[in-house]
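Inspection log for the structure reproduced underneath, given as structure tokens.
Note that the structure is predicted; figures quoted are calculated from it, not measured.
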Amino acid sequence: MLVDLAGGWNPMLGRLAWSQIPYDNPILAPLFVVVVIGAVLVLGLITYYGKWTYLWKEWLTTVDHKKLGVMYILIGLVMLFRGFIDGLMIRTQQAWAVGPHSSGVFGATHGYLTPFHFGQIYSAHGVIMILLAATPLLVGFMNIIVPIQIGARDMAYPYLNALGLWFTAAAGALIMISLFVGDFAHNGWFGYAPIFELQYSPGVGVDYWIWTMELLALGTTLGGINILATIVKMRAPGMTWGRLPIFVWASIASNVIALTSFPALQVALALVAADRYLGSHFFTAGLGGNLMLYTNLFWIWGHPEVYFVILPAFGMMSEIFPTFSEKPLFGYMTMVLASMAIAGVSWLVWLHHFFTMGAGPYVNSAFSVATMLVGIPTGVKVFNWAFTMYRGRLTFNAAMLWAIGALFLLLVGGLTGMMLAVPAINYMVHNSVFVVAHFHSMLLTIVYAIFASVIYWFPKVFGFKLNEFWAKTMFWLFSAGTALVFVPMYMLGFMGMTRRLDYVFNTAWHPYLLVMEFGIVVYTLSVLAFFALLYVSVRDRASNQVGADAWGTSRSLEWLTHSPVPFYNFAVLPHINARDEVAWRRDNGIDHVQPDHYEDIHMPNNTGVAIVLGGLTFVLGFALVWRIWWLCALSLLAIIALVIYRSFKGDPGYIITAAELEQMEQEAMRREARIGKQQHRVGGGVLGEAIAYERSDLPPLASQPSSSVEGLDHHRS
């Protein structure tokens, strides 16, 4: 042992013992049984249908950016559901445990959760929703969409992309196993010094928190490097910086933040680990440490991270509004500048998280002004979206409704954020549920944008649309739940209710808490609607298949390739002629032009190294949590050996021959011809010297190509 520990420790199992498994917990024990039964059923079905080989070859070892993105999104959706369950438990506890005469069960004096268990749920809810739900969902969309929006065949570093996914999966597994082996942290998702010090939190909960967030930070940093390198180096011919889609610009701004801020989080957590494992005192005030050092380090990452997750959502909205307004995005250049301005200002606002610490009027004023500055580029985006929709041919399908909902919540969250930027107001509502409601308004902006994007890009990835009825039903139920939960929360904040209350002493707050609980019930109905949406859509997929341009009014380059996107994305890299390339081709009648011949292309091989490294990092994290030093050493040596092996082995890749490409392309075009749903519209003539593909042997178009469906079955001569 490196430091003195409360409780037992042995060389073989470290701190792990049977007493650390909550088999007598009336909530966790039944949940464990349900999880085990569910896992056995899933594994049994995979075995029964003989899908293990398929899963291993096509998904678990893939380096295809689209499949990796889908798995990111699956992780995010699973963790979003887990985080929602935590939120349901929090709201139920607070609605139940009101006043001194409220009853208690399961060992709780009031409600059904003990204060320690409530603290764990509160902490896990924050970590999961921000870092394991929102972040993987957004990174998943960036993985899928950015390469095909810039005309690339894959990410710059496909293997690194897979590593980022499996490190994220390892972090998710680590926080999930804390449900059943040991405990999770009770010090909030952001941590409090010195509460996370070993003497105040002697259990393993803080250790789970440290290594979960370290793995997440590592995976997100690798992803940031990859996305930036892809955008800089792999754009298609003609894809200049001024022609990049806004979602790509938002991804640039977001990943610049990730690349520069997540290392600060890793440093802060490493110092906490040093205090707990090595006996240092970076954050122990009585022994030369500084409590505020951690708070500054954490929020130097924490507030830029807020914009790391909101900027991709802004990019998603900037793609959806023009498509369903049938207009170009208003103010393209100002949108680009606004994205980069938000990324820059995000570094100047972290201290508004602790206005009440007594920094003085000059410091508070400086950070107040910096916080308000964020409202300027954000306001530019709001007005540009409004002007995009103004006098457009608006289509209020489900994706558009979700995007408009995101815009409305952005206004609510942004205006309340401006209120909190005033130090005098912040002093009054600091640490109240008003702040929680504001923060959730911003995060729900992201959630709305994500569901809008799921509906919008789902046909591009899977080749068929989601069911409109259930998508709209989910939207209205989710919106009703949002209003019922967070409008009372804003009111309770003004009434003085602080956050993290496992017991609510003021009975006057009870009606508002009951309304919030009813809102949670409505949220639950929206979750059921989401499952119905998936079931009905998959059941009716044959009747909802789409061609390359699923919506008929799409504008950016991803809608040029087939739906679903082939693993090579583009058989021949297209030449980019305009900012809205697909809309430009459609208006000029060249959206169905095909190359006259193909060439061999090089693609990366799948690899099992990434998933094995992910598994080893999970083992290393688990061993560090329980201080099983021999397992730490063994897993670390295995990681190093595997990295060295991969470095020497490399990946020569494989070649798709021109004949194979032609065969696959012809098959895809025949499928699209059978579907017969291309929203092809003939424009007013072809511009002179228009180029469809960057090849010298393809002459410039001089006449309108045929728009007939049968023209898809042969190449342009």
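Inter-residue side-chain proximity for Leu269 and Phe298 is flagged as unmet; no heavy-atom pair is nearer than 4.5 Å. Residues Ile73 and Ile450 fail the side-chain proximity criterion, which asks for heavy atoms closer than 4.5 Å. No side-chain heavy atom of Met89 sits less than 4.5 Å from a side-chain heavy atom of Gln93. At least one side-chain heavy atom of Met142 sits less than 4.5 Å from a side-chain heavy atom of Pro312. Between Leu444 and Val447, some side-chain heavy-atom pair lies under the 4.5 Å cut-off. Inter-residue side-chain proximity for Trp347 and Ser261 is flagged as met; some heavy-atom pair is nearer than 4.5 Å. Met357 is not listed as a side-chain neighbour of Thr295, based on a closest heavy-atom distance of 4.5 Å or more. Thr607 places none of its side-chain heavy atoms less than 4.5 Å from the side chain of Thr61.
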Stepwise, does the side chain to side chain contact (heavy atoms under 4.5 Å, CB included) test hold for Met497 with Tyr512? CA-CA 11 Å; Met497 180 176 171; Tyr512 300 91; over 6 Å; no

Start with the C-alpha gap between Tyr294 and Leu271, add the side-chain angles, then the distance that decides, and say whether side chain to side chain contact (heavy atoms under 4.5 Å, CB included) holds. CA-CA 9 Å; Tyr294 173 78; Leu271 295 179; over 6 Å; no

For Leu616 and Leu642, what are the C-alpha separation, side-chain angles and deciding distance, and is it a side chain to side chain contact (heavy atoms under 4.5 Å, CB included)? CA-CA 10 Å; Leu616 288 172; Leu642 197 55; 4.3 Å; yes

If you apply the rule side chain to side chain contact (heavy atoms under 4.5 Å, CB included), what do you find for His125 with Tyr122, and how did you get there? CA-CA 5 Å; His125 175 73; Tyr122 207 101; 5.8 Å; no

Apply side-chain hydrogen bond (donor to acceptor under 3.5 Å, both in side chains) to Tyr208 and Trp626, showing your working. CA-CA 9 Å; Tyr208 270 121; Trp626 293 99; 3.2 Å; yes

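No donor-acceptor distance shorter than 3.5 angstrom exists from the side chain of Ser346 to the backbone of Pro304, with no hydrogens or angles considered. Of the possible donor and acceptor atoms, none in the side chain of Ser254 sits under 3.5 Å from a partner among the backbone N and O of Ser251. Trp630 places a side-chain N or O within 3.5 Å of a backbone atom of Met12 that can act as its donor or acceptor partner. When atom types are taken as modelled, the side chain of Asn255 and the backbone of Ala258 share no donor-acceptor pair closer than 3.5 angstrom. The backbone N or O of His281 sits nowhere less than 3.5 Å from a side-chain atom of Thr284 that would complete a donor-acceptor pair.
For residues 431-450, the set of pairs meeting the ring pair (Phe, Tyr, Trp, His ring centres under 6.0 Å) definition, not counting sequence neighbours, comprises Trp402-Tyr448, Phe434-Tyr490, Phe434-Phe494, His440-Phe486, Tyr448-Phe478. Residue pairs meeting the ring pair (Phe, Tyr, Trp, His ring centres under 6.0 Å) criterion with at least one member in residues 85-112, sequence neighbours excluded, are Trp96-Tyr112, His110-Tyr503. Every pair passing side-chain hydrogen bond (donor to acceptor under 3.5 Å, both in side chains) that includes a residue from residues 128-144 is listed here, sequence neighbours excluded: Asn143-Asn161. Among residues at least two apart or in separate chains, side-chain hydrogen bond (donor to acceptor under 3.5 Å, both in side chains) pairs with a member in residues 69-84 are Arg82-Asp86.
Rounding to the nearest 0.5 angstrom, the gap separating the CG atom in Asn431 from the OG1 atom in Thr498 is 6.5 Å. Taking CD1 from Ile90 and CD from Gln94, the interatomic distance works out to 7.5 Å, rounded to the nearest 0.5 Å. Residue Ser201 holds its OG atom at 10.0 Å from CH2 of Trp209, rounded to the nearest 0.5 Å. With rounding to the nearest 0.5 angstrom, the CD1 atom of Ile121 is 6.5 Å from the CD1 atom of Ile27. Separation of atoms CZ (Phe367) and NE2 (His353) is listed at 11.0 Å; rounding is to 0.5 Å. Between atom CZ of residue Arg15 and atom CH2 of residue Trp9 there is a gap of 11.5 Å, rounded to the nearest 0.5 Å.
Checked against side-chain contact (heavy atoms from CB on, under 4.5 Å), Ile611 has the following partners two or more places apart in sequence or in another chain: Trp56, Leu60, Trp166. Residues meeting the side-chain contact (heavy atoms from CB on, under 4.5 Å) test with His352, sequence neighbours left out: His303, Val349, Phe355, Thr371. The side-chain contact (heavy atoms from CB on, under 4.5 Å) test applied to Val527 returns Phe81, Phe84, Phe531, not counting sequence neighbours. With sequence neighbours left out, Val643 forms a side-chain contact (heavy atoms from CB on, under 4.5 Å) with Leu613, Ile639, Ser647. For Arg499, there are no salt bridge (charged side-chain N to carboxylate O under 4.0 Å, His left out) partners two or more places apart in sequence or in a different chain.
Nearest heavy atoms, Phe262 versus Leu131: CE2-CD2, 4.3 Å. Ala268 and Leu297 get closest at one heavy-atom pair: CB-CB, 3.9 Å. Across all non-hydrogen atoms, the minimal contact from Ala162 to Leu68 is N-CD1, 3.7 Å. The heavy-atom pair separating Leu28 from Pro22 by the smallest distance is CD1-CG, 3.7 Å. Contact record, Trp301 with Ala264: CB-CB, 4.3 Å, taken as the closest heavy-atom pair. The nearest pair of heavy atoms linking Ala108 to Thr114 is CB-N, 3.9 Å.
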Show me the side-chain donor-acceptor pairs of residues 35-47 shorter than 3.5 Å, one per line, residues at least two apart or across chains.
from  : atom 1 : to    : atom 2 : distance (Å)
Thr47 : OG1    : Leu43 : O      : 2.9
Thr47 : OG1    : Trp52 : NE1    : 2.8

List the atom pairs, with distances to 0.1 Å, where a side-chain N or O of residues 217-227 and a protein N or O form a donor-acceptor pair under 3.5 Å, not counting sequence neighbours.
from   : atom 1 : to     : atom 2 : distance (Å)
Thr220 : OG1    : Leu216 : O      : 2.8
Thr221 : OG1    : Ala217 : O      : 2.7
Asn226 : OD1    : Tyr157 : N      : 2.9
Asn226 : ND2    : Tyr157 : O      : 2.8

Cut-off 3.5 Å, no hydrogens considered: what does the side-chain donor-acceptor table look like for residues 176-194, sequence neighbours left out?
from   : atom 1 : to     : atom 2 : distance (Å)
Ser178 : OG     : Ile175 : O      : 2.5
Tyr192 : OH     : Arg500 : NH2    : 2.9

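At least one cation-pi condition fails for Arg276 and Phe196: the charged atom is not both under 6.0 angstrom from the six-membered ring centre and inside a 45 degree cone around its axis.
Donor-acceptor pairing under 3.5 Å is recorded for the side chains of Asp275 and Ser280.
Residues Phe622 and Trp211 keep their aromatic ring centres 6.0 Å or farther apart. If you look at Phe530 and Phe451, their ring centroids are closer than 6.0 Å.
Enclosure of atom OH in Tyr427 by more than 12 non-hydrogen atoms of other residues, nucleotides or ligands within 6.0 angstrom is indicated.
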